[in-house]
Amino acid sequence: WSIMAQAQQPFVANMDESKVGNFTLPNPLQKPDGSIIKNKKDWEKHRGYWLAQFQQTMYGKMPEKKLKQSSQLVSRTEILGGKAIQYIWTITFEGKHSISVLGVLPNKSAKVPVFLGLNFCGNQTTNTDKRIPIFEKYVVCNEATQFKNNLGQAESRGAQASRWQFEKLIDAGYGSITVACGDFEEDLPTGYQNGIRTTLADQLGLKTEEWSAIGAWAWGLSSMVDFLETIPQVDAQKIILHGHSRLGKAALWAAANDQRFAAIISNESGEGGAALTRRNYGENLWRITNSFPHWFLKSYQHYAYKENELPFDQHILLSLLAPRPLYVASAMGDQWSDPKGEFLGAQNTEAVYQLYRKPGLGTVAFPGLNAPVGKQVRYHIREGKHDMTLYDWEQYIKFARELVK
Ligand code: GCU
């Protein structure tokens, strides 16, 4: 079978562990001249090399310029029986591109750590409060009554509230900040046309084809840090970045580029996220670049069925987050995301975390269900489907309490 012939067959995901195949992972500590990095100082000099590899091959360049942001407070409302304040802000970049940010912060004046994450389907899906404007751009959600033609309807209010758990976070002393990913770029192949890759192309200094939708979402997350640094109630040294699935991929890419995120949570980010690309299990490179061509550089497709030729694998992306706390999570009912591949991605960061004298996962044994392992690098696989659940949040709050101080 030639690679071409294989790529033209209808795609059937391999879900058989015995057919995963053999592979050798690139060593994050090995430099192109063959020498091995032995300390954190040399790693810090070298990490730019790996970032450049991901930029050239997979996610595209990241704009380096900071943009002028102006923010306007649209509303400030007491919620959760007075325990929290809900903020809605409009942020405009260079007077040209506006987004809507939702913040839920404890009702007190002290600075608090916050969880920051993009949402799939509009801020109104996180909670039923009628003051939150219905997101008017294209979303990937399309449940019959809540969304029509990929646009949120009134019924979409609170549709994904279980993925946000605002009250749990407030009770634990955290705030939560979110923006719809589509406010930066709508999630479809033509999404770049109304997104920041086009509207801010001159200001950001990149051509649309030089980067990707995941890059645009990741840039959006960094721009949120710029914004949060101006909010007195937010402790911007303690921003815990989280992302589910495709937005987990974006979170990992954002944190690899931007060291201001204090801790990172990848919830079921799968292929192109925390899962090893060389493992032929679940979604693969051919499938993801065909289903979602806008997520990556066009040239990334050339590695379909040639994954062993990639200069890196996703454990190196995760290693770029060191020494920060990292949580990778999977779900048993989400084999598409390759839980074992996600576990191995997290596990293979150990060499780099150890340069900082931080423990990695500390185990090679795949854990049982609902039994988190690790410390600075943590992993769990829970029962249930592809989602971000109360169980996941309980682990993330515990993780943040222990490690983001
Ligand atoms: C699809 C896609 C995954 C992605 C997921 C999601 O299943 O194939 O790569 O992570 O959508 O974002 O929910």
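Quick note: numbers below take in every heavy atom, side chains included, and nothing from hydrogens, waters or symmetry partners.
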Which is it for V101 and T178 under the side chain to side chain contact (heavy atoms under 4.5 Å, CB included) test, yes or no, and what are the steps along the way?
CA-CA 6 Å; V101 180; T178 186; over 6 Å; no
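- Counting non-hydrogen atoms of neighbouring residues, nucleotides and ligands closer than 6.0 angstrom, the CD atom of E209 exceeds 12 such neighbours.
- Between K65 and E94 there is no salt bridge, since none of the side-chain N atoms of the basic residue sits less than 4.0 Å from a carboxylate O of the acidic one.
- Here the side chain of N149 pairs no donor or acceptor atom with the backbone of L151 at under 3.5 angstrom.
- A donor-acceptor pair under 3.5 Å is formed between the side chain of H97 and the backbone N or O of D183.
- Looking only at atom types and distance, the side chain of N119 has a donor-acceptor partner in the side chain of N123 under 3.5 Å away.
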Item to complete: Might you work through the side chain to side chain contact (heavy atoms under 4.5 Å, CB included) test for M388 and W164, ending with a clear yes or no?
Response: CA-CA 8 Å; M388 187 147 166; W164 294 88; over 6 Å; no
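- In summary, the side chains of D387 and T389 do not present any donor paired with an acceptor at a separation below 3.5 Å, with no hydrogens or angles considered.
- A donor atom on one side chain and an acceptor atom on the other are found under 3.5 Å apart for Y396 and N267.
- Proximity of a side-chain donor or acceptor of E186 to a complementary backbone N or O of Y138 within less than 3.5 Å is detected.
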Q.
Before you tell me yes or no, could you show the steps for I134 and R157 under side chain to side chain contact (heavy atoms under 4.5 Å, CB included), namely the whole-Å CA-CA distance, both residues' side-chain angles and the distance that decides it to 0.1 Å?
A. CA-CA 8 Å; I134 305 265; R157 292 190 181 286; 3.7 Å; yes
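- Around CD of E143, the count of heavy atoms belonging to other residues, nucleotides or ligands within 6.0 Å exceeds 12.
- With R47 contributing its side chain and A256 its backbone, the two residues share a donor-acceptor pair below 3.5 Å.
- The side-chain heavy atoms of R163 and F120, taken from C-beta on, include a pair separated by under 4.5 Å.
- In this model, a donor atom of one side chain and an acceptor atom of the other lie less than 3.5 Å apart for T92 and S98.
- Sparse packing is recorded around CG of N22, with 12 or fewer heavy atoms of other residues, nucleotides or ligands lying under 6.0 Å away.
- Taking the six-membered ring for Trp, W219 and F93 have ring centres closer than 6.0 Å.
- The CG atom of L204 lies 10.5 Å from the OG1 atom of T198; values are rounded to the nearest 0.5 Å.
- The CG atom of L102 lies 4.5 Å from the CD1 atom of I132; values are rounded to the nearest 0.5 Å.
- Side-chain atoms of R260 come within 3.5 Å of backbone N or O of S222 as a donor-acceptor pair.
- Just one of Y300, W50, F54 meets the ring pair (Phe, Tyr, Trp, His ring centres under 6.0 Å) condition when paired with F312; it is F54.
- A salt bridge does not link R279 with D313: every distance from a Lys NZ or Arg NE/NH1/NH2 to an Asp or Glu carboxylate oxygen is 4.0 Å or more.
- Atoms CD and CG, from Q347 and L276 in turn, are 9.5 Å apart once rounded to the nearest 0.5 Å.
- Between the side chain of T349 and the backbone N or O of H315 there is no donor-acceptor pair closer than 3.5 Å.
- Q335 and Y281 are linked by a side-chain donor-acceptor pair at a separation below 3.5 angstrom, with hydrogens and angles left out of the test.
- Side chains of S337 and E342: no donor on one and acceptor on the other come within 3.5 Å.
- Salt-bridge annotation for K31 and D33: absent, with no side-chain N of the basic residue lying under 4.0 Å from a carboxylate O of the acidic one.
- Using a distance-only test at 3.5 Å, with no hydrogens or angles considered, a donor-acceptor pair links the side chain of Q165 to the main chain of S162.
- Shown here is K111, whose NZ atom has more than 12 heavy atoms of other residues, nucleotides or ligands within 6.0 Å.
- Within 6.0 Å of CD on E17 lie more than 12 heavy atoms contributed by other residues, nucleotides or ligands.
- Crowding of E383 atom CD: a count of heavy atoms from other residues, nucleotides or ligands under 6.0 Å not exceeding 12.
- Expressed to the nearest 0.5 Å, how far CG of N348 lies from OG of S319 amounts to 8.0 Å.
- Residue L285 holds its CG atom at 6.5 Å from OG1 of T277, rounded to the nearest 0.5 Å.
- At a cut-off of 3.5 Å, with distance as the only test, a side-chain donor of Y87 or Q233 sits close to an acceptor on the other residue.
- In summary, of the residues considered (H386, R382, K385), a side chain to side chain donor-acceptor pair (under 3.5 Å) with D334 occurs for H386 alone.
- Under a 3.5 Å cut-off, the side chain of D42 and the backbone N or O of K38 do not form any donor-acceptor pair.
- Within the 6.0 Å centre-distance limit, the rings of H380 and Y327 are counted as a close aromatic pair.
- With S212 contributing its side chain and Y59 its backbone, the two residues share a donor-acceptor pair below 3.5 Å.
- For M332, the CE atom counts as loosely surrounded, since its 6.0 Å shell holds 12 or fewer non-hydrogen atoms of other residues, nucleotides or ligands.
- No hydrogens or angles considered: a donor-acceptor pair under 3.5 Å links the side chains of N127 and Q86.
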Exercise. Applying side chain to side chain contact (heavy atoms under 4.5 Å, CB included), run through F261 and L321 and close with a yes or a no.
Key: CA-CA 9 Å; F261 297 104; L321 310 181; over 6 Å; no
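- Remark: the backbone N or O of G270 is not paired with any side-chain donor or acceptor of K249 at under 3.5 angstrom.
- A tilted orientation is assigned to the rings of Y379 and F366, their planes being inclined by 30° to 60°.
- Open room surrounds NZ on K207; 12 or fewer heavy atoms of other groups in view lie less than 6.0 Å from it.
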